[in-house]
Amino acid sequence: MPLLVMKFGGTSVANIDRIRRAAKRVGVEVAKGYDVIVIVSAMAGRTNELVGWVEEISPLYDAREYDAVVSSGEAVTAGLMAVTLQEMDVPARSWQGWQVPLITTSAHSAARIEEIPTDNINAKFGEGMRVAVVAGFQGVSPEGRITTLGRGGSDTTAVAFAAAFGAERCDIYTDVDGVYTTDPRITDKARKLDKIAFEEMLELASLGAKVLQTRSVELAMRYNVRLRVLSSFEEQSDDAGTLVCAEEEIMESNVVNGIAYSRDEAKMTLISVADRPGIAAAIFTPLSDAGVNVDMIVQNISEEGRTDMTFSCPNNQVARAEKALLEAKEKGDINFHDLVADTNVAKISAVGIGMRSQSGVAARMFQTLRDEGINIKVISTSEIKISVLIDRKYMELAVQALHDAFELDKVA
Ligand code: ADP
Ligand code: ASP
Ligand code: MG
């Protein structure tokens with residue numbers, strides 16, 4: 001039978017009523033003749049609550065136990081969804097990551113999927129099961145411990161299952177009706193895109209647009225999964241939502257197609273480090289060993305052999321970063337006068353494949369921010385994106401101003 005993957009995010013399974021509504025959507029596809037693999041997230045807010053508990057006990061928690069705790073949200077919704085489907089007389093069974101088993105790396109809290117054997121689930125389909133409900137976000141390490149795939153990881157579970165089982169399509173049901181030019185919660189001028197290229201979606205996701213987890217887009221691109229984002233709250237037609245697809249499938253496109261933001265960034269500066277060969281390695285190796293995800297890096301011009309080194313990382317990794325750098329200082333690997341953390345910054349990015357061939361985007365971005373009186377703290381660019389670090393209090397204003405400046409409310 002043809003197979004679909006349908007993923008329901010947290011708000012789509014936030015309570016029993018919503019689970020029923022989602023189950024009805026699944027029932028519609030089953031009635032059309034599809035076997036379905038349903039991937040569920042935890043109920044809205046649940047993962048945050050679980051993470052909060054772990055962090056309350058220890059900011060430097062053991063990641064294996066973090067995974068043991070935070071994976072539980074998905075275990076609950078998988079079981080509840082299976083019961084709901086059974087109530088509707090749809091033969092369904094739930095699967096936790098380890099039961100599939102979805103094998104991942106041992107990188108706890110940020111594990112990558114290594115393998116999804118299809119035989120267990122396919123055997124059940126062979127026995128008449130019509131829906132396999134799989135707990136998203138979780139897997140099992142080669143050591144046999146529960147792992148999780150990073151926040152938003154159920155999207156990645158969904159795409160990986162679609163690839164492994166050769167699904168006709170992977171539908172991501174969420175609380176917005178598609179991918180927009182920016183987060184529709186920030187400006188009501190945000191425009192829904194009918195299609196978006198893999199490359200652009202990849203950048204937007206990695207720069208903070210949490211509508212899809214970055215890794216899910218990477219996998220969809222690599223395995224050519226037909227990936228669609230749509231609302232679980234509206235009646236759906238076959239062309240609803242946004243299709244994430246190859247660039248060649250898209251006829252018209254603006255130079256800039258999206259503005260992304262990432263709220264919880266921090267900027268850290270090492271004041272007066274010796275400017276000598278190997279200093280960057282001496283700073284960033286311990287950070288990497290401590291699991292700090294360094295993003296932007298700026299090294300100042302040196303004066304009298306000393307320089308300042310600035311980098312950005314997620315806000316909740318500042319404690320880890322400080323610990324790693326102070327330890328490296330104690331060991332004598334690096335020497336700095338001061339370590340300053342600015343935890344009140346946000347990153348704003350403009351993304352568009354049109355930037356490859358059109359210049360002037362950076363200038364327009366900087367002028368727009370200047371006109372709003374917003375100071376830029378750090379800049380970084382790549383082929384199809386420009387990112388800036390600014391004070392967090394101006395984040396919404398910056399997104400709205402850039403959305404206007406690049407006329408994203410209008411079709412190309
Ligand atoms: P789910 O729980 O269904 O996985 P998420 O909260 O992870 O949902 O992702 C959906 C949210 O992503 C939306 O509610 C929206 O606020 C946010 N978002 C950010 N950027 C965008 C964008 N460009 N297009 C659509 N939604 C976006
Ligand atoms: N529940 C997890 C999270 O909130 C995974 C997901 O929803 O995709 O990050
Ligand atoms: Mg999500």
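When a ligand or atom number is given, it counts from 1 through the structure's own listing order. For reference, positions follow the sequence shown, starting with 1.
The 12-atom threshold is not exceeded at CD1 of Ile301, counting heavy atoms of other residues, nucleotides or ligands nearer than 6.0 Å. Open room surrounds NZ on Lys124; 12 or fewer heavy atoms of other groups in view lie less than 6.0 Å from it.
Using a 4.0 angstrom heavy-atom cutoff, Gly9 does not count as in contact with ligand 2. Using a 4.0 Å heavy-atom cutoff, Gly153 is listed among the residues neighbouring ligand 2.
Counting only distance, with no hydrogens or angles, the side chain of Arg263 and the backbone of Arg392 share no donor-acceptor pair below 3.5 Å.
If you number the atoms of ligand 2 from 1 as listed, the ones under 4.0 Å from a heavy atom of Ser41 come out as 6 (C), 7 (O), 8 (O).
Taking only nitrogen or oxygen atoms, main chain and side chain alike, Gly150 does not reach within less than 3.5 Å of ligand 2.
Taking the six-membered ring where tryptophan is involved, the planes of Tyr61 and Tyr66 are essentially parallel, since the angle between them stays under 30° and well short of 60°.
By the 4.5 Å heavy-atom criterion applied to side chains, Phe406 and Val361 are counted as neighbours. Looking at heavy atoms from C-beta onward, Phe8 lies out of side-chain contact with Thr77 at the 4.5 angstrom threshold.
Side-chain polar atoms of Asp67 and Thr148 form a donor-acceptor pair below 3.5 angstrom. A donor atom on one side chain and an acceptor atom on the other are found under 3.5 Å apart for Glu143 and Ser106.
Closer than 4.0 angstrom to ligand 1 by heavy atom are Lys7, Gly9, Gly10, Thr174, Asp175, Val176, Gly178, Val179, Tyr180, Thr182, Asp183, Pro184, Arg185, Ala209, Lys210, Val211, sorted by chain and number.
Of the candidates Arg46, Lys7, Glu74, Arg151, Glu74 brings a heavy atom nearest to atom 5 (C) of ligand 2.
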